[in-house]
Amino acid sequence: MTDYRPDELMVVEAARHINDGDVVLVGTGLPMLAGLLAQRTHAPNMCYVVETGPVAPRVLPTPISVSDPRVMHGAVSHGSLLSSLGGVLQRGLADVSFLGGAQIDRYANLNSTVIGDPERPKVRLPGSGGANDLASHSPRILIITRHERRRFPERCDYITSPGYLDGPDARKLSGLSVPYPEISVITDLCVMEIDRATGTLGVARLAPGVAFGEVQEKTGFELIRPADIPSINPPSGDIVELLRREVDPGGIYLKG
Amino acid sequence: MTDYRPDELMVVEAARHINDGDVVLVGTGLPMLAGLLAQRTHAPNMCYVVETGPVAPRVLPTPISVSDPRVMHGAVSHGSLLSSLGGVLQRGLADVSFLGGAQIDRYANLNSTVIGDPERPKVRLPGSGGANDLASHSPRILIITRHERRRFPERCDYITSPGYLDGPDARKLSGLSVPYPEISVITDLCVMEIDRATGTLGVARLAPGVAFGEVQEKTGFELIRPADIPSINPPSGDIVELLRREVDPGGIYLKG
Amino acid sequence: MGKSATNKLMSAAEAVERFVPDGAVLGMGGQSIGRCPMALSFEIARQGKTDLTVVGCNLAMSMDVLVGSGLVTRTECGTGNLERYGTAFRWRAAAEAGELAVADYSHLGMASRFLAASLGLPFMPIKSLLGSDILTTKRADGPDPDYVLMGNPFSIESEPVALLPALSPDVSIVHVQKADAAGNFAIEGFSTHEPEMVKASKAVIVSCEEIVDPEYFRENPGETTVPFLFVDAVVHQPFGGYPTSVYRRYEHDREHVVEYQRVARAGGDEYADYLRRAIEEPGDFDGFLAWALTDDKKAVLRDEMERLI
Amino acid sequence: MGKSATNKLMSAAEAVERFVPDGAVLGMGGQSIGRCPMALSFEIARQGKTDLTVVGCNLAMSMDVLVGSGLVTRTECGTGNLERYGTAFRWRAAAEAGELAVADYSHLGMASRFLAASLGLPFMPIKSLLGSDILTTKRADGPDPDYVLMGNPFSIESEPVALLPALSPDVSIVHVQKADAAGNFAIEGFSTHEPEMVKASKAVIVSCEEIVDPEYFRENPGETTVPFLFVDAVVHQPFGGYPTSVYRRYEHDREHVVEYQRVARAGGDEYADYLRRAIEEPGDFDGFLAWALTDDKKAVLRDEMERLI
């Protein structure tokens with residue numbers, strides 16, 4: 001059996017969610033690695049669009065910022081925040097966006113703004129950046145995060161980026177152009193997906209060796225539990241090798 | 001006394017209305033000649049902006065279109081309709097615009113769209129182009145036209161480009177950002193200017209040898225008549241020479 | 001859901017066949033006598049695509065031949081105009097005959113409508129048009145208004161603002177200097193309303209003077225006007241803007257434009273004869289060029305442009 | 001009423017003195033660890049311009065030093081963030097201490113507000129933000145609302161749209177690769193929110209790596225990001241974006257950024273000591289560079305960039 005680390009499994013599973021030809025809005029970190037892996041395997045025609053503007057760059061490993069020259073390398077145009085977030089994303093040309101947040105709730109809403117009362121923040125987080133825009137306009141949303149109970153509260157302290165807000169039709173009612181996006185949350189324990197009937201998260205796949213009970217225990221809200229939950233396929237040795245050698249050769253994000 | 005033609009007097013008088021440092025929105029024809037003359041005499045720092053986008057070109061004589069490469073020559077940027085009409089004009093950076101039209105009425109409204117009923121046009125004219133934008137957003141508006149009665153009706157059949165609409169505060173009430181522009185109409189017979197108290201045109205200067213009565217007779221509405229009306233200064237021989245030799249050397253617009 | 005970076009090179013005939021349906025809202029690039037998409041427009045006329053709504057800013061000869069061919073039911077634009085060469089005469093005649101619906105806007109009005117659609121927005125505010133008959137002749141209410149007047153909600157004073165609806169052409173045609181096979185392209189010189197219009201369009205056909213290497217725009221990303229994401233078809237057609245000018249390539253052909261305006265003004269058999277000789281008989285745009293333009297004349301037009309840049 | 005094409009070259013000290021008043025709404029260019037206007041920001045801190053509202057998209061170190069210097073009362077931005085290097089820590093601390101008002105937007109929200117002002121419009125519609133607490137925590141009514149919700153009047157279906165008010169900074173500061181003395185400038189690589197923000201601003205100070213000849217942009221008009229009409233002051237400051245990266249010129253300085261983040265997180269004496277050594281004592285940005293950066297290090301940062309482009 002292949003030896004792999006939890007972060008590597010997350011990246012490999014996220015890469016599987018990218019189709020060939022997809023226009024992918026992506027920042028840095030594990031999402032960027034997932035994109036690079038997809039591009040080097042089953043999705044050679046995937047097109048990166050970076051929020052800062054670059055279109056279809058040949059990203060050099062391993063960028064640590066959306067302002068990194070590595071995300072401009074070989075791009076067909078450099079663009080601007082307006083051209084990427086307005087002209088591509090709000091225009092409706094994106095297929096997939098990657099998001100993250102300090103909190104993810106039952107409806108897959110994300111909080112990257114503030115812990116505690118917004119008026120008197122206990123912890124001030126960085127804020128939306130382009131995240132709200134990505135969540136508002138993407139037909140498919142991928143979230144990669146470590147599975148810790150504090151990250152999965154019943155309700156976000158602040159909704160920075162909309163999931164299904166508070167019910168299955170809430171996005172449509174609030175005017176969002178993509179009313180029913182696919183949302184997948186990829187953790188080291190499982191893959192969660194939005195159930196369209198309720199607008200809430202359920203477990204779609206479990207990481208090898210993980211039981212539903214463990215996932216539920218580490219989650220602050222009740223998860224939808226299907227009768228049968230398949231396992232996440234573990235990565236092949238070749239893929240793990242590719243990841244370590246070419247996608248993040250310096251181990252910038254995939255440390256032990 | 002210098003020998004000059006009526007069109008030359010109009011161009012010379014229009015040039016006098018341009019100040020050094022002005023940002024001037026201009027098309028082709030006599031207005032462009034007036035700009036070129038001003039730039040070669042008292043207004044070397046005048047800045048052309050052409051509706052197609054070019055900023056500060058060193059215009060080569062004699063352009064016949066706003067798409068003419070002559071209006072792009074030596075420009076610091078080439079731009080677009082949006083950058084010139086939105087980013088400069090609507091943004092409030094223009095000082096002066098030149099306009100024209102088939103009809104000019106008492107309130108200095110212009111019609112370049114249709115003669116007769118708009119639904120069943122007797123004559124279909126080219127339409128606004130950028131003219132409505134220039135008239136909406138310019139603090140000073142210059143109109144050069146031959147003085148013929150049919151060109152000066154009581155009321156335009158169609159207001160393509162707003163003058164004072166139908167009264168002194170009508171622009172403000174309709175939401176136009178420049179509520180009280182200076183408007184000068186320069187003809188072969190006179191210079192007319194807007195009277196701010198009434199929002200209507202009056203005669204400000206008369207061409208040499210022209211009497212008010214002749215102007216009024218060739219105008220379809222009653223003109224405001226000040227007690228004393230000074231004459232338009234005739235151009236010097238040097239200026240006429242400059243006009244013929246450098247500004248329109250081919251006599252493209254200043255024919256006999 | 002952007003367009004992929006596949007090889008999109010094809011003939012004008014194939015591009016028009018595939019991407020211009022009857023009844024299309026057709027976005028048209030170019031301005032007056034500059035960089036008009038003549039080859040693509042002639043091909044649309046040749047294929048007889050009908051019931052078209054032509055939209056743009058300063059529409060001229062490339063629109064006029066479609067109107068003159070009886071293929072256009074409506075235009076939405078700033079002007080139908082060749083400036084010194086006169087009005088677009090077939091357009092004018094059709095409007096006066098009541099055979100063509102003409103929706104008037106200012107250039108900024110049209111550019112704003114394209115801008116809205118290019119950003120995925122349902123409308124764009126504008127401070128032009130207020131008080132003019134460009135608005136008063138349009139419908140401001142009902143379920144499908146032409147525009148809406150509202151007060152600026154961010155101002156304490158009463159300040160009317162107009163909202164214009166986004167305009168997203170079914171297909172746009174533009175002629176540019178450089179493109180690659182994937183559809184990345186560069187406009188040199190002024191770019192009119194084309195960047196916004198192209199990005200607003202559901203499909204885009206680009207014809208170009210020059211096909212550049214697939215690596216060209218990756219090496220010169222600052223030159224890219226529009227990336228491949230928006231483009232469906234790339235047609236290599238040197239002199240594809242003739243008889244209008246293409247900046248840095250060739251001047252407009254005064255004689256041909258004057259002759260076109262003469263027959264367009266005359267209408268009737270003279271105009272029909274032009275359409276037959278310029279569009280039908282040649283079979284394609286190279287055929288038209290062979291009829292209209294000698295190699296000597298090409299050289300002259302190139303030289304004239306060279307002297308002006 | 002645009003700015004004239006006069007010689008606008010001056011020192012950062014003069015530019016800040018003349019164009020940054022106390023109480024200004026200060027537009028800030030750059031993003032995260034890329035092309036931040038460090039020299040101009042340090043000069044504002046040095047002159048102690050106070051009561052500032054800093055606006056931009058991804059504000060980072062050039063905003064953080066102003067907050068850390070106690071000069072900022074409010075920020076309006078998308079994020080205060082250096083990505084892998086952490087939050088903008090003085091900004092975070094001031095927000096948590098209740099000493100700083102933070103108005104949150106998405107990047108597209110901020111870019112849309114600048115776009116509106118750059119086009120002379122009172123507001124811009126947006127389809128982001130809907131349903132999120134970025135809107136619900138703001139005022140939607142009263143005489144001076146933060147935003148307005150309206151139904152799309154061009155749709156038969158009920159479709160909410162948000163309107164955001166235009167944002168026109170009193171003065172913006174940006175650091176770019178090339179400018180001429182008149183203020184024409186070129187941004188190479190991604191241009192963040194700067195084109196819209198600069199064109200929206202009442203005054204603009206540009207610092208640049210390289211002053212080009214007055215004819216440069218006239219010979220290369222396709223490179224011009226913003227023409228002189230919008231610009232008031234041009235400051236020639238090589239390495240003026242240090243320790244952030246400037247595309248095609250130098251990489252960011254990881255060590256300096258890490259050290260800044262360490263002292264910014266620590267606050268107190270350690271941070272005060274950084275401000276003293278980096279800003280007060282050196283007297284100007286060249287002094288700061290002499291303290292922070294050896295010639296060898298400069299060469300390393302240039303080489304690192306060279307390898308990445």
### Side chain to side chain, D/Leu121 and C/Met124, heavy atoms closer than 4.5 Å
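Side chain of D/Leu121 against side chain of C/Met124, heavy atoms only: contact under 4.5 Å found.
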#### Entry: Validation row: D/Leu119, C/Leu115 side chains within 4.5 angstrom (heavy atoms)
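Yes - at least one pair of side-chain heavy atoms lies under 4.5 Å apart.
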### Message
At under 4.5 Å between heavy atoms, what parts of residues 135-164 of chain C are in contact with chain D? List them by residue number.
### Response
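Answer by number: C/Pro143, C/Pro145, C/Asp146, C/Tyr147, C/Val148, C/Met150, C/Asn152, C/Pro153, C/Phe154, C/Ile156, C/Glu159, C/Val161, C/Leu163, C/Leu164.
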### Query
Taking D/Gly222, D/Pro221, D/Pro165, D/Pro122 one by one, which has the highest count of heavy-atom pairs under 4.5 Å against chain C?
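Ranked by heavy-atom pairs under 4.5 Å with chain C, first place is D/Pro165.
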### Message
Heavy-atom cut-off 4.5 Å, strictly under: side chain, backbone, both or neither for D/Ile309 against chain C?
### Response
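Answer is neither: D/Ile309 stays 4.5 Å or more from chain C.
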### Query
Closest heavy-atom contact between D/Lys127 and C/Gly120?
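Nearest pair, atom of D/Lys127 first, then C/Gly120: CG-O, 4.1 Å.
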#### Entry: Atom CD of C/Glu306 with >12 non-hydrogen neighbours under 6.0 angstrom
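It does not: C/Glu306 CD has 12 such atoms or fewer within range.
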